[in-house]
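I have placed the structure first, in the form of structure tokens, so that the comments after it can refer back to it.
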Amino acid sequence: MNDLPNIDTDSLQPIDLNALGAPPQPDHKPRILMLYGSLRERSFSRFMSEEGARILEALGADVKIFNPAGLPLVDEANLDHDKVQELRELSLWSEGQVWSSPERHGAMTGVMKTQIDWLPLAPIGGVRPTQGRTLALMQVCGGSQSFNTVNQMRILGRWMRMITIPNQSSVAKAWNEFDDEGRMKPSPYYNRVVDVMEELMKFTLLTRAQSAYLTDRYSERVESREELSKRVNQSAI
């Protein structure tokens with residue numbers, strides 16, 4: 001530590017190999033929240049979310065799908081709006097998430113971004129609603145295959161302190177990949193969706209018991225110590 005004069009030695013902790021090991025798993029199924037980015041009646045991003053949910057359930061997950069219909073724009077309503085509260089409670093409930101959006105004008109849709117914007121980085125009741133959750137990303141394209149939307153959402157996932165898995169899915173000409181009932185047809189695109197859901201389950205099972213330790217930060221420990229020091233050294237006490 002002699003070469004690190006700027007380090008708060010009480011806040012820099014050795015890596016705990018036991019904490020990175022295999023602690024007991026929670027006794028409930030992995031909790032996965034699905035978000036999709038279109039309000040259309042025939043929404044391919046919703047169809048892909050529903051297909052992913054079926055795969056996740058077959059792999060042993062407890063899955064909930066949030067319907068964004070009625071969710072107001074950010075700052076258009078108060079935090080006590082029913083849809084805002086529903087979304088935040090589902091995010092707090094989740095241990096992993098899947099974001100599925102159409103590509104519109106080379107980017108994710110406003111519907112998708114609005115959902116993410118309603119999820120704060122700050123804690124709710126002492127818990128951050130996205131930090132430490134695993135995240136899988138999927139997009140549907142009206143034309144040729146693109147990765148603009150999943151790349152954008154990957155940046156957002158990192159910003160929201162989520163563990164974003166390496167694999168992702170982008171479906172070209174989505175109108176040709178789903179039948180009249182909204183079920184995805186057999187194809188290499190379908191196989192990739194299975195890959196992504198399988199990988200999400202693996203990462204969720206691997207990290208959910210350790211997510212608090214994995215996202216514990218030196219900078220925040222230093223800040224907490226400084227705040228504690230200010231509080232206990234107030235002259236009025």
* Check: Y36 and P68 side chains under 4.5 Å, non-hydrogen atoms -> yes
* Asked: Say you draw a straight line from OG1 of T130 to CZ of R128; how long is it, rounded to the nearest 0.5 Å?
  -> 8.5 Å
* Asked: Is there a donor-acceptor pair under 3.5 Å between the side chain of S100 and the backbone N or O of S45?
  -> yes
* Asked: Atom CG of L119 and atom CZ of R88: how far apart are they, to the nearest 0.5 Å?
  -> 7.0 Å
* Interatomic spacing from CD1 in I116 to CE in M108 - rounded to 0.5 Å -> 5.5 Å
* Give a yes or no on whether W159 atom CH2 has more than 12 heavy-atom contacts from other residues, nucleotides or ligands under 6.0 Å away. => no
* To do: Go through R46 and N67 one step at a time and tell me if the side chain to side chain contact (heavy atoms under 4.5 Å, CB included) criterion holds.
  => CA-CA 9 Å; R46 174 169 58 83; N67 180 355; over 6 Å; no
* Between Q97 and S94, do the side chains contain an N or O donor and an N or O acceptor separated by less than 3.5 Å? -> yes
* Any idea which heavy atoms bring M34 and S49 closest together, and the distance? -> CE-O, 3.1 Å
* Are the side chains of T215 and R161 in touch, meaning some heavy atoms are under 4.5 Å apart? -> no
* Under 3.5 Å, is there a donor-acceptor pair between the side chain of W118 and the main chain of K83? -> no
* To do: May I ask whether L35 and M162 are part of the same hydrophobic cluster, defined by side-chain heavy atoms of I, L, V, M, F, W, Y residues being less than 4.5 angstrom apart, directly or through others?
  => yes
* To do: Find out if a path of hydrophobic residues (ILVMFWY) with successive side-chain heavy-atom gaps under 4.5 Å connects L59 to Y190.
  => yes
* Heavy-atom closest contact (L79 atom, V84 atom, distance) -> O-CG1, 3.7 Å
* Test side-chain contact (heavy atoms from CB on, under 4.5 Å) applied to L137 and I165, L200, T164, N151, the passing residue -> T164
* Asked: Which pair of non-hydrogen atoms, one from A122 and one from P129, has the smallest distance, and what is that distance?
  -> O-CD, 3.7 Å
* So does E51 pair up with R54, basic N to acidic O under 4.0 Å? -> yes
* **D8 and Y218 side chains, donor-acceptor separation under 3.5 Å** => no
* Honestly, is K173 close enough over Y189, meaning NZ or CZ under 6.0 Å from the six-membered ring centre and within 45° of the axis? -> no
* **Test item: side-chain donor near acceptor, T134 and T204, under 3.5 Å** => yes
* Return yes when atom NE2 of H28 has more than 12 non-hydrogen atoms of other residues, nucleotides or ligands closer than 6.0 Å, and no otherwise. => yes
* Asked: With distance as the sole test, does Q139 use its side chain to make a donor-acceptor pair with the main-chain N or O of T149 at under 3.5 Å?
  -> yes
* Asked: Hey, does E198 have a side-chain heavy atom less than 4.5 Å from the side chain of K202?
  -> yes
* Asked: How about L135 and F203: do any of their side-chain heavy atoms sit closer than 4.5 Å?
  -> no
* **Pairing of R208 and E95 as salt bridge, 4.0 angstrom limit** => yes
* Roughly how far apart are I15 CD1 and L20 CG, rounded to 0.5 Å? -> 7.0 Å
* Is it true that a side-chain atom of K29 and a backbone atom of E57 form a donor plus acceptor pair closer than 3.5 Å? -> no
* Begin from the C-alpha positions of R42 and E181 and carry the test salt bridge (Lys or Arg N to Asp or Glu O under 4.0 Å) through to its verdict. => CA-CA 10 Å; R42 188 164 171 80; E181 283 70 48; over 6 Å; no
* For residues E177 and A172, report the shortest heavy-atom separation together with the two atoms involved. => CG-O, 3.8 Å
* Asked: Given the rule that I, L, V, M, F, W and Y join up when any side-chain heavy atoms are under 4.5 Å apart, are M112 and I32 in one cluster?
  -> no
* Please check if the side chain of R133 supplies one atom and the backbone of S211 the other of a donor-acceptor pair under 3.5 Å. => no
* Asked: Taking C-beta and beyond as the side chain, do Q85 and D82 meet within less than 4.5 Å on heavy atoms?
  -> no
* Structure fact -> Heavy-atom closest pair (V193 atom, G52 atom, distance to 0.1 Å) is CG1-CA, 4.5 Å
* To do: Could you tell me whether the side chains of E103 and S146 share a donor-acceptor contact shorter than 3.5 Å?
  => yes
* Between E50 and K64, is the closest basic N to carboxylate O distance under 4.0 Å? -> no
* To do: Check for a donor-acceptor pair, side chain of N78 on one end and backbone N or O of D80 on the other, with a separation under 3.5 Å.
  => no
* Do Q115 and L71 touch side chain to side chain, with heavy atoms closer than 4.5 Å? -> yes
* Asked: Would V111 and V98 show up in the same hydrophobic cluster when neighbours are defined by side-chain heavy atoms closer than 4.5 Å?
  -> no
* Without swapping roles, check the side chain of W99 against the backbone of M153 for a donor-acceptor pair under 3.5 Å. => no
* Answer yes or no: is there a donor N or O on one side and an acceptor on the other, between the side chain of T207 and the main chain of Q210, under 3.5 Å? => no
* To do: Identify the two heavy atoms, one from G70 and one from H81, that lie closest to each other, and give their separation to 0.1 Å.
  => O-CE1, 3.5 Å
* To do: Check whether F47 and V63 end up in the same hydrophobic cluster, where Ile, Leu, Val, Met, Phe, Trp and Tyr are linked by side-chain heavy atoms less than 4.5 Å apart.
  => yes
* Asked: What is the distance from atom OG of S169 to atom CE of M138, rounded to the nearest 0.5 Å?
  -> 6.0 Å
* Carboxylate-amine/guanidinium contact D179 R183, below 4.0 Å -> no
* To do: Look only at the side chain of E199 and the backbone of N167, and say whether a donor-acceptor pair between them is shorter than 3.5 Å.
  => yes
* Measure the CE-OG distance between M48 and S43 for me, rounded to the nearest 0.5 Å. => 9.5 Å
* Asked: Between R192 and Q168, does any side-chain donor sit less than 3.5 Å from a side-chain acceptor?
  -> no
* Sub-3.5 Å donor-acceptor pair from the side chain of D216 to the main-chain atoms of A212, do we have one? -> no
